[in-house]
Peer 1: 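Below is one structure. I have some questions about it.
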Amino acid sequence: MAVVRVTPANPTPGMVAAANEAGDQRSIPPELGPDSLAVLSGPTFLYANSLGDVPPGSIGGLVHLDTRLLSCWTLTVNGSELLALRAETIDHYSAQYVLTNPDLPGLPPNSLGVERLRYVGEGFHERVELRSFRPEPVRVELRLAVGVDFADLFEVKSVVRDRSAEITRDHAADGSELCFSYRKGDFRVQTRVCCQAPADRVEGDELIWDLELRPREQWQVDLHVPLPSGVGVVEPVRGDIADVIHGRADDPLRRWTEDRAVLRGDNQALERTVRRSRDDLAALRLDLEVKGQRIMLPGAGLPWFLAVFGRDTLITAYQTLVAGPTLAKGALLALARLQGDRCDDFTDEEPGKILHEVRSGELTRNGTKPYGPYYGTADATQLWLILLSEYWRWTGDDETVRRLRDNALAALRWIDEYGDRDGDGYVEYGTRSPEGLGNQCWRDSPDGVCFADGRIPVLPLATSDIQGYTYDAKIRLAELFDGPLANRALARRLRDEAGTLHERFNRDFWIEERGGYYAVALDGDKNVVDAKTSSMGHLLWSGIVPRERADAVVRQLMSPDMFSGWGIRTLSREESLYNAVGYHLGTVWPHDNSIAALGLARYGYRAEANRISLALFEAAEQFGHRLPEALTGFARERMVFAVPYPTACSPQAWAAGTPLALVRAMLGLNPIDGRLALDPDIPEELGRITADRVRAFGQEWGVEAVCTSGHVRLQPS
């Protein structure tokens with residue numbers, strides 16, 4: 001019998017995961033259409049089509065803390081769906097839909113003006129307004145069909161288990177409320193739909209209003225779906241729906257953003273993109289309780305990843321340190337609180353390891369899924385150490401660093417004892433869980449790491465980016481042990497280990513053929529996985545690339561096979577599996593490119609870094625100044641516009657952090673010995689950039705730069 005080799009596509013042969021039984025994950029937005037809209041507040045969102053409807057059986061609905069509270073929400077007039085005139089989100093938490101009626105018996109087209117105003121905050125609120133434009137009275141049946149399946153978000157992405165027999169209904173006879181309840185073991189959830197104007201009839205799970213509208217008469221109903229008790233939403237907006245929509249209600253988001261650094265520039269697109277990033281990061285904030293710890297961090301992205309992540313959170317915090325240290329400090333403390341302290345095969349937990357993902361839906365709560373938390377990542381631990389160092393460099397906060405000393409030592413031990421699975425000096429990964437991820441680097445799709453000829457390597461894998469992070473983490477940790485952690489002997493040892501890793505890495509991962517480049521990984525047989533990937537940009541960021549090889553690496557990254565015109569592709573067009581619409585097989589990820597831009601700037605390749613920055617700012621203009629999670633890899637020379645990856649999250653945390661990282665690269669802004677150093681190289685197209693309230697070393701600074709000149713000033717406290 002042939003031996004089945006373990007690969008990222010089949011990481012646990014012989015173990016059948018429940019997730020695999022569900023088949024392929026469904027994509028967004030086919031059922032809702034390309035004009036679908038979402039309203040979002042922390043861990044709560046509602047996805048609907050351009051009419052504001054959630055059709056039954058779609059991926060839309062109202063989701064809170066990974067549980068879908070509404071799976072159907074459709075509005076009809078006289079038995080027919082409405083026609084969309086226009087729909088727009090107002091703020092991240094609110095939207096307005098303007099509709100009218102089609103040609104119906106006894107009701108000519110455009111006889112009614114219908115508005116749907118909605119927002120999410122401490123609950124979901126919707127106001128439906130009808131206005132008759134007919135010169136005579138008209139009879140209208142307004143019907144709202146409500147559906148509830150209480151699906152776990154993992155099921156929404158694949159196949160939903162039918163819970164209908166276990167869902168109880170306790171609808172109010174007077175039409176004022178629909179109530180749905182579900183209980184399975186310790187998991188309980190309820191959905192209540194409250195009506196400010198009670199329905200005239202309730203048929204099954206449908207609310208029906210029988211209206212007779214006089215000429216020009218307006219009628220409205222307010223609907224409210226309270227959220228289940230518990231934490232989650234950060235300072236939700238509250239108020240009358242119209243006041244919220246028109247900006248008259250108190251908005252806690254505005255108070256939060258007023259405390260951030262403020263960027264202005266000659267280029268309006270740049271300024272608006274940075275402002276949109278700030279607002280998106282505020283919208284993604286989660287206020288959660290995990291293992292008894294209250295944490296506030298950005299969720300990774302809408303709709304699938306409104307949860308705490310390790311890698312995503314840490315990179316986002318690094319990208320945004322230029323705007324203030326609050327997020328970085330919160331990420332460090334929260335993830336340290338949840339650091340692994342035992343070995344658990346199901347969750348891939350190990351002592352000292354930083355988590356990958358936390359979920360709170362039924363499948364996690366009942367133990368079907370390992371996400372409470374799940375630790376299947378081989379890079380978050382190093383990234384936590386890198387962020388700890390960067391936070392200290394920006395703040396000089398010795399007290400917090402000393403408070404996290406034991407966590408840093410535990411992370412270091414994980415790298416050396418658990419991360420290096422075979423003692424060869426490299427950090428490798430391979431899951432032990434039937435529900436575990438096959439790839440545990442940022443390229444975490446099953447085929448995200450491949451050979452040039454398309455073969456999938458065997459596990460365990462030592463990817464190049466993870467070795468770069470490990471090198472950087474040890475160099476940075478040595479600096480901390482020379483400083484606030486006061487252990488010079490350990491600092492010397494760490495520098496020696498980093499030097500050895502540098503030497504061995506550049507021997508084992510370098511490929512002379514095809515112009516010279518770094519392999520994406522070594523596989524479980526220590527074969528060089530020879531695909532050309534964007535991971536080379538991460539190597540520049542980490543500093544593991546010798547100066548004499550930097551030219552070759554930059555040529556590869558900026559070649560037409562890798563640079564699409566909108567950014568660096570995840571996989572070169574030369575490779576067998578290249579796919580412009582493949583998740584990690586040729587797409588362009590903004591966060592990936594921001595890391596490359598910082599790396600290019602580190603090595604002095606400012607023109608190349610600026611080329612990436614300009615391309616991404618120009619792409620953001622096409623998406624309402626918001627960068628999606630990923631763009632397709634189609635060549636810009638063949639397209640007049642940027643094309644998003646079809647299932648891209650938007651907003652998404654490290655895409656939102658990207659503009660701030662790009663601005664930092666252009667400004668050459670770095671903390672050095674208690675002061676901010678500025679080395680600008682700003683493209684002519686962007687003109688002057690100024691930033692106020694930049695926080696560093698417990699003080700606020702002002703920055704102004706144009707082209708290659710600029711200055712930093714200390715602002716009065």
Side-chain angles (χ1 to χ4, degrees), residues 259-267 270-271 273-275 277-278 281 314-329 386-397 472 476 479 537 540-543 590-591 593-614 616-617 654 656-715:
D259 196 38
R260 310 297 109 184
V262 177
L263 182 138
R264 297 183 179 86
D266 293 343
N267 186 284
L270 168 68
E271 189 174 324
T273 300
V274 171
R275 187 183 309 127
S277 292
R278 177 197 64 188
L281 287 168
L314 291 162
I315 288 177
T316 303
Y318 186 99
Q319 292 171 316
T320 58
L321 258 168
V322 67
T326 304
L327 175 55
K329 184 175 182 179
I386 289 168
L387 182 64
L388 178 65
S389 159
E390 193 70 4
Y391 169 78
W392 178 75
R393 289 179 179 179
W394 276 87
T395 64
D397 183 358
D472 192 23
R476 288 169 173 270
E479 181 184 24
L540 293 173
W541 179 58
S542 70
H591 93 276
N593 277 261
S594 77
I595 289 173
L598 290 168
L600 289 163
R602 174 175 185 162
Y603 280 77
Y605 294 88
R606 305 297 292 276
E608 290 81 359
N610 284 345
R611 189 178 174 196
I612 292 171
S613 297
L614 282 173
L616 288 173
F617 281 122
W654 59 16
T658 288
L660 294 172
L662 297 178
V663 168
R664 179 179 175 182
M666 290 187 292
L667 290 174
L669 189 63
N670 289 292
I672 299 176
D673 299 328
R675 64 183 179 86
L676 284 184
L678 187 68
D679 180 22
D681 191 329
I682 300 172
E684 243 179 70
E685 295 91 331
L686 298 183
R688 186 180 305 274
I689 294 176
T690 63
D692 293 319
R693 300 208 304 270
V694 177
R695 287 171 175 76
F697 318 112
Q699 298 175 299
E700 291 188 348
W701 306 73
V703 176
E704 184 172 8
V706 59
C707 296
T708 56
S709 63
H711 64 273
V712 177
R713 66 189 184 281
L714 185 62
Q715 293 180 323

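Throughout, numbering of the chain's residues begins at 1 and tracks the sequence. On a predicted model such as this, the values are computed, not experimentally measured, just so you know.
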Peer 1: CD of Q319 to CG of L387: how many Å apart, nearest 0.5 Å?
Peer 2: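 Answer rounded to 0.5 Å: 11.0 Å.
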
Peer 1: For the residue pair A665 and A597, what are the closest heavy atoms and their distance?
Peer 2: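 Nearest heavy atoms, A665 then A597: CB-O, 4.2 Å.
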
Peer 1: With a cut-off of 3.5 Å and sequence neighbours excluded, list every side-chain donor-acceptor pair involving residues 676-685.
Peer 2:
| residue | atom | partner | partner atom | Å |
| --- | --- | --- | --- | --- |
| D679 | OD2 | R606 | NH1 | 3.3 |
| D681 | OD1 | N610 | ND2 | 3.3 |

Peer 1: Working note: L540 + R602, criterion side-chain contact (heavy atoms from CB on, under 4.5 Å); need CA distance, chi angles, decisive distance, verdict.
Peer 2: CA-CA 7 Å; L540 293 173; R602 174 175 185 162; over 6 Å; no

Peer 1: Can you check whether F697's main-chain N or O pairs, donor with acceptor, with W394's side chain at less than 3.5 Å?
Peer 2: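 Flag not set: sc W394 to bb F697 has no pair under 3.5 Å.
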
Peer 1: Flag the pair E700 and R695 as a salt bridge only when some basic side-chain nitrogen lies within less than 4.0 angstrom of an acidic carboxylate oxygen.
Peer 2: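 Yes, this pair counts.
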
Peer 1: Ignoring hydrogens, what is the shortest heavy-atom contact between A328 and A317? Give both atom names and the distance.
Peer 2: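 Between these two residues, the closest heavy atoms are CA-CB, 3.8 Å.
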
Peer 1: Do Y318 and W541 make the cut of ring centroids closer than 6.0 angstrom?
Peer 2: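 Here the rings of W541 and Y318 have centres that are less than 6.0 Å from each other.
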
Peer 1: Is there a donor-acceptor pair closer than 3.5 Å between any side-chain N or O of Q715 and the backbone N or O of D692?
Peer 2: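 Looks like no, no N/O pair under 3.5 Å.
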
Peer 1: Taking 4.0 angstrom as the limit, do E390 and R664 come out as a salt bridge?
Peer 2: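 Here E390 pairs with R664 in a salt bridge, since their nearest N and O are under 4.0 Å apart.
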
Peer 1: Would a distance-only check, ignoring hydrogens and angles, find a side-chain to backbone donor-acceptor pair under 3.5 Å from T658 to W654?
Peer 2: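 Yes; at least one donor-acceptor contact below 3.5 Å.
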
Peer 1: Can you measure from CG (N267) to CG (L614) and round to the nearest 0.5 angstrom?
Peer 2: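 Answer for the CG-CG pair, N267 versus L614, is 8.5 Å.
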
Peer 1: Roughly how far apart are S613 OG and N593 CG, rounded to 0.5 Å?
Peer 2: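 Reported value, rounded in 0.5 Å steps: 9.0 Å.
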
Peer 1: Verify, without hydrogens or angle tests, whether E704 (side chain) and H711 (backbone) share a donor-acceptor contact under 3.5 angstrom.
Peer 2: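 Judged by distance alone, no pair lies under 3.5 Å.
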
Peer 1: Any side-chain heavy-atom pair from I595 and I315 closer than 4.5 angstrom?
Peer 2: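 Result yes, sub-4.5 Å side-chain heavy-atom pair found.
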
Peer 1: After noting the C-alpha distance and the side-chain angles of L263 and V663, does the key distance pass the side-chain contact (heavy atoms from CB on, under 4.5 Å) rule?
Peer 2: CA-CA 10 Å; L263 182 138; V663 168; 3.6 Å; yes

Peer 1: Set out, in order, the CA-CA distance, both residues' side-chain angles and the distance that settles side-chain contact (heavy atoms from CB on, under 4.5 Å) for L662 and L616, then state yes or no.
Peer 2: CA-CA 9 Å; L662 297 178; L616 288 173; 3.9 Å; yes

Peer 1: Mind checking the CZ-CG spacing from R476 to L388? Nearest 0.5 Å is all I need.
Peer 2: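 CG of L388 is found 10.0 Å from CZ of R476.
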
Peer 1: Taking all atoms of both residues into account, what is the closest heavy-atom pair of L598 and A661, and its distance?
Peer 2: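 Closest pair (atom of L598, atom of A661, distance): CD2-O, 3.7 Å.
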
Peer 1: Quick one: does any side-chain atom of S277 pair with a main-chain N or O of A656 as donor and acceptor, under 3.5 Å?
Peer 2: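 Side chain of S277 to backbone of A656, a donor-acceptor pair under 3.5 Å: yes, one is there.
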
Peer 1: How long is the span from the CG atom in D472 to the OG atom in S389, to the nearest 0.5 Å?
Peer 2: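 Here the interatomic distance stands at 7.5 Å.
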
Peer 1: Would you give the length of the straight line joining atom CD of E479 to atom CH2 of W392, rounded to the nearest 0.5 angstrom?
Peer 2: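 Separation between the atoms: 4.5 Å.
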
Peer 1: Test side-chain contact (heavy atoms from CB on, under 4.5 Å) on K329 and D397; report intermediate values, then the result.
Peer 2: CA-CA 10 Å; K329 184 175 182 179; D397 183 358; 4.1 Å; yes

Peer 1: What pair of heavy atoms forms the shortest contact from P325 to T395, and how long is it?
Peer 2: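 Nearest heavy atoms, P325 then T395: CB-CG2, 3.7 Å.
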
Peer 1: Over all heavy atoms of both residues, which pair between P659 and V274 is shortest? Give the atoms and the distance, please.
Peer 2: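 Result for this residue pair: CB-CG2, 4.2 Å.
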
